[in-house]
There are 2 protein chains.
Amino acid sequence: MSLQHAILGLLTHKPMTGYELKSIFDNSVNYFWTAQLSQIYRDLGTLESKGYVTSQIKPQQGRPDKKIYSITPKGDGAFQKWLNNFPKKLSIAIRDEICLRTFFGSRIQLEELEFQLRKFIKEKQEVVNALRMMDEHTDHCKDNTSSEKIFFQRLTIKKGLLVFGAEIQWAEECLKELDELKG
Amino acid sequence: MSLQHAILGLLTHKPMTGYELKSIFDNSVNYFWTAQLSQIYRDLGTLESKGYVTSQIKPQQGRPDKKIYSITPKGDGAFQKWLNNFPKKLSIAIRDEICLRTFFGSRIQLEELEFQLRKFIKEKQEVVNALRMMDEHTDHCKDNTSSEKIFFQRLTIKKGLLVFGAEIQWAEECLKELDELKG
DNA sequence: AATTAATATATAACATGTTATATATAAAAT
DNA sequence: ATTTTATATATAACATGTTATATATTAATT
C-alpha cells in the first residue's frame with residue numbers, strides 16, 4: 001500500500017504527471033523507494049477511482065497530452081492518516097541478495113564470492129557518492145523557504161550514508177576474512 | 001526468482017517439507033530473507049514442475065502426510081548457476097518505510113515522528129539482540145564438522161549487526177536533532 | 001471445559017512488482 | 001545518416017508477495 005502513500009505525499013508538494021513522478025522516484029528518493037512507471041500509472045488510476053487524486057488534461061502539440069494529477073482533500077486525509085498510524089510491524093519483505101549469496105558461500109569458489117563482494121561495494125559506493133553530492137547540495141539550501149522539507153530530506157540522506165556505509169564496511173571486512181582464510 | 005534459489009540452497013543442506021522450510025525462514029534467515037508459507041508451497045510446486053526438486057510422501061498418523069522435498073542434480077545445477085552469476089543490478093525493490101515517513105516529516109507532529117522513531121529503534125533492537133545471541137551461539141561451533149557453513153552464516157550475522165546497528169544509530173541521531181529543533 | 005498453539009499441507013483471492021510492448025515527436029549524440 | 005535520449009501515456013502478461021481460508025489432530029494454556 002505504501003507506494004500509493006508515497007505518491008500522495010509527493011503530490012502534496014505539487015500536482016504532477018505520472019512521468020514527473022517517475023523522475024522523482026528515479027532521481028530524488030531512489031535510495032529509499034523505487035517504482036516502475038507501469039506501477040505509478042496503475043496506482044494513479046487506483047487513487048483516482050478512490051477519489052484521492054483528480055486529473056486534468058493539458059493538451060500538447062507533438063507529444064501525448066499531459067495528464068496532471070492533483071491530490072484531493074480526501075486524498076490528503078488518507079495520507080495524513082497513514083502518516084500518523086505506525087504499523088505493528090515495519091518493513092515488509094526482507095530480501096538481501098548479497099547476504100543470501102554469502103550465506104551459501106561454501107558452495108562458491110572463494111574468488112567468485114570475492115568478485116561479487118567487490119561488485120557489491122562498487123554498486124553501494126556509487127550510491128554513497130550520489131548521496132554525498134545531494135547532502136552537499138542541500139547544505140546550501142538550509143535557509144530558504146523550503147528549509148523544513150529539506151531538513152527532513154537531509155535526515156533520510158543521512159540514513160543512506162550511514163546504512164550503505166555500514167554495508168560497504170561489512171563487505172570490506174568479509175574480503176579481509178576471506179583473505180585470511182586463503183593465506 | 002531468488003526465493004526459489006533460497007529454497008534450493010536450503011534443500012542442499014537436507015531434504016525438507018514446506019513446513020520445515022518455513023521454520024528456517026522464520027528462525028534462521030529471517031534477518032535477510034522472509035517468505036510466506038503459501039509462497040513456499042507455490043514455489044516448491046514450480047520447482048517440482050521444473051524438475052529441480054522431487055517429493056516423497058511419508059505417511060503420518062493423526063496429521064496430514066509429510067511431503068518431503070529433495071533437490072535433484074538438475075536443481076543443484078540451477079542453484080550453482082545462479083550462485084555463480086552475479087546480477088547486473090543487485091537488490092530489487094527498495095522500500096524503506098521509516099525513511100518514507102521521515103521524508104514527509106514536515107507533515108507530522110514532531111512528537112508523533114519521535115514516537116515512530118522510538119518504535120523503529122525498539123523493533124531493530126530486538127533483531128540485534130537475537131543476532132547477538134546467534135553470534136555467541138555459533139561462536140562455540142567454530143571447530144565442528146559444519147564449520148564452513150557456520151563461517152559464512154556468521155558473516156551474514158555480522159552484516160545484520162552492522163547494518164541494523166547503523167539504522168539504530170541513525171534513528172537516535174534523528175531524535176537528537178528533533179530535540180534540538182524543539183529546544 | 002474451552003481456547004490457543006503447534007504440527008502439516010494446500011488453495012483462492014488479492015496486492016504489488018517486473019518486463020515488454022505500443023504510440024509519437026524532437027533534440028542530442030554517435 | 002542513424003541511433004539514442006527525453007518527453008509523455010498506457011496496457012498486457014507475468015512474477016512475486018500477502019492475507020484469508022480449509023482440513024485435521026495433539027498438546028498446552030487459560
Side-chain angles (χ1 to χ4, degrees), chain A residues 1-8 15-27 30 32-50 53 55-69 82 87-97 100, chain B residues 1-8 15-27 30 32-50 53 55-69 82 87-97 100:
Chain A
M1 280 303 247
S2 291
L3 174 58
Q4 285 176 34
H5 296 118
I7 291 171
L8 287 177
M16 275 182 276
T17 65
Y19 194 80
E20 283 176 276
L21 281 165
K22 170 63 173 164
S23 83
I24 288 186
F25 278 107
D26 283 353
N27 304 312
N30 60 92
F32 68 84
W33 212 278
T34 57
Q36 240 58 49
L37 243 185
S38 59
Q39 241 183 305
I40 293 169
Y41 283 118
R42 181 172 52 190
D43 280 351
L44 281 170
T46 307
L47 289 170
E48 194 167 26
S49 72
K50 283 182 187 166
V53 302
S55 63
Q56 202 186 336
I57 284 159
K58 192 183 168 189
Q60 294 209 128
Q61 63 282 49
R63 302 208 185 86
D65 294 349
K66 270 192 182 178
K67 201 167 175 185
I68 300 163
Y69 289 89
W82 169 79
K88 271 149 259 165
K89 278 274 157 188
L90 257 183
S91 61
I92 348 85
I94 300 164
R95 273 178 292 283
D96 185 341
E97 188 168 338
L100 188 62
Chain B
M1 281 299 250
S2 290
L3 174 58
Q4 286 177 32
H5 296 118
I7 290 172
L8 287 177
M16 276 181 277
T17 66
Y19 194 80
E20 284 177 274
L21 280 165
K22 171 63 173 163
S23 84
I24 290 186
F25 278 107
D26 283 354
N27 304 312
N30 60 93
F32 69 83
W33 212 279
T34 58
Q36 240 59 49
L37 243 185
S38 60
Q39 242 183 307
I40 292 169
Y41 283 118
R42 181 171 53 189
D43 280 351
L44 280 170
T46 308
L47 288 170
E48 194 167 24
S49 72
K50 281 182 187 167
V53 302
S55 62
Q56 202 186 337
I57 285 160
K58 193 184 167 187
Q60 293 207 128
Q61 64 281 51
R63 301 206 186 88
D65 293 348
K66 269 192 183 179
K67 203 167 174 185
I68 301 162
Y69 289 90
W82 169 77
K88 270 150 259 164
K89 277 276 158 188
L90 256 184
S91 61
I92 348 85
I94 298 164
R95 272 179 291 283
D96 185 341
E97 188 169 337
L100 187 63

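Since this is a predicted model, take the numbers as computed values, not measurements. Numbers restart at 1 for each chain; the letters A, B, ... are given by sequence-line order, proteins then strands.
Distance L44(B) CG to dG17(D) P: 14 Å, rounded to the nearest Å. For the pair Q4(A) CD and dG17(C) C1', the interatomic distance rounds to 13 Å; values are reported in whole Å. Remark: P of dT11(C) and CG of L37(B) are 13 Å apart, rounded to the nearest angstrom. Taking atom CD1 of I68(A) as the reference point, atom P of dT7(D) lies 15 Å away to the nearest angstrom. For the pair I40(A) CD1 and dT11(D) P, the computed distance is 15 Å after rounding to whole Å. Between M16(B) atom CE and dA8(C) atom P there is a gap of 14 Å when expressed in whole angstrom units.
At a cut-off of 3.5 angstrom, the base of dT19(C) holds at least one donor-acceptor pair with the side chain of S38(A).
A donor-acceptor pair is defined here as one N or O able to donate and one able to accept, closer than 3.5 Å; such a pair exists between the side chain of K22(A) and the backbone of A35(A).
At the phosphate of dT9(D), neither OP1 nor OP2 sits under 4.0 Å from any side-chain N or O atom of Y19(A). One finds no side-chain N or O of R42(B) lying less than 4.0 angstrom from the OP1 or OP2 phosphate oxygen of dA15(D). Residue Q36(A) places at least one side-chain N or O closer than 4.0 Å to OP1 or OP2 of dT18(C). Between K67(A) and the phosphate of dA10(D), there is a side-chain N or O to OP1/OP2 separation shorter than 4.0 Å. Within the structure, every side-chain polar atom (N or O) of Q60(B) is placed at least 4.0 Å from both OP1 and OP2 of dT7(C). At the phosphate of dA15(D), neither OP1 nor OP2 sits under 4.0 Å from any side-chain N or O atom of Q39(B). The phosphate of dT7(D) (OP1 or OP2) has no side-chain N or O of K66(A) nearer than 4.0 angstrom.
A distance of 13.0 Å separates CZ of F25(A) from CD of E20(A), quoted to the nearest 0.5 Å. With values rounded to the nearest 0.5 angstrom, Q36(A) atom CD is found 10.5 Å from L3(A) atom CG. To the nearest 0.5 Å, the span separating CH2 on W33(B) from CG on D96(A) amounts to 8.0 Å.
Across dT9(C), dA8(D), dA10(D), the shortest atom-to-atom separation from the side chain of T17(A) is found for dA8(D).
Using a 4.0 Å heavy-atom distance criterion, E20(A) is classed as making no nucleic acid contact.
Toward the 5′ end of DNA chain C lies the nearest nucleotide of A35(A), the other residue of the pair A35(A) and P64(A) mapping further downstream. The residue among D43(B) and Y41(A) whose nearest nucleotide of DNA chain D is located toward the 5' end is Y41(A).
Using modelled atom types, one finds a donor on one side chain and an acceptor on the other under 3.5 Å when comparing Q4(A) with K50(A).
Annotation: the terminal axes of the helix from dA1(C)-dT30(D) to dT30(C)-dA1(D) meet at 40°, where each axis is the rotation carrying the C1' atoms of four end pairs onto the next four (5 pairs per end, rounded to 10°).
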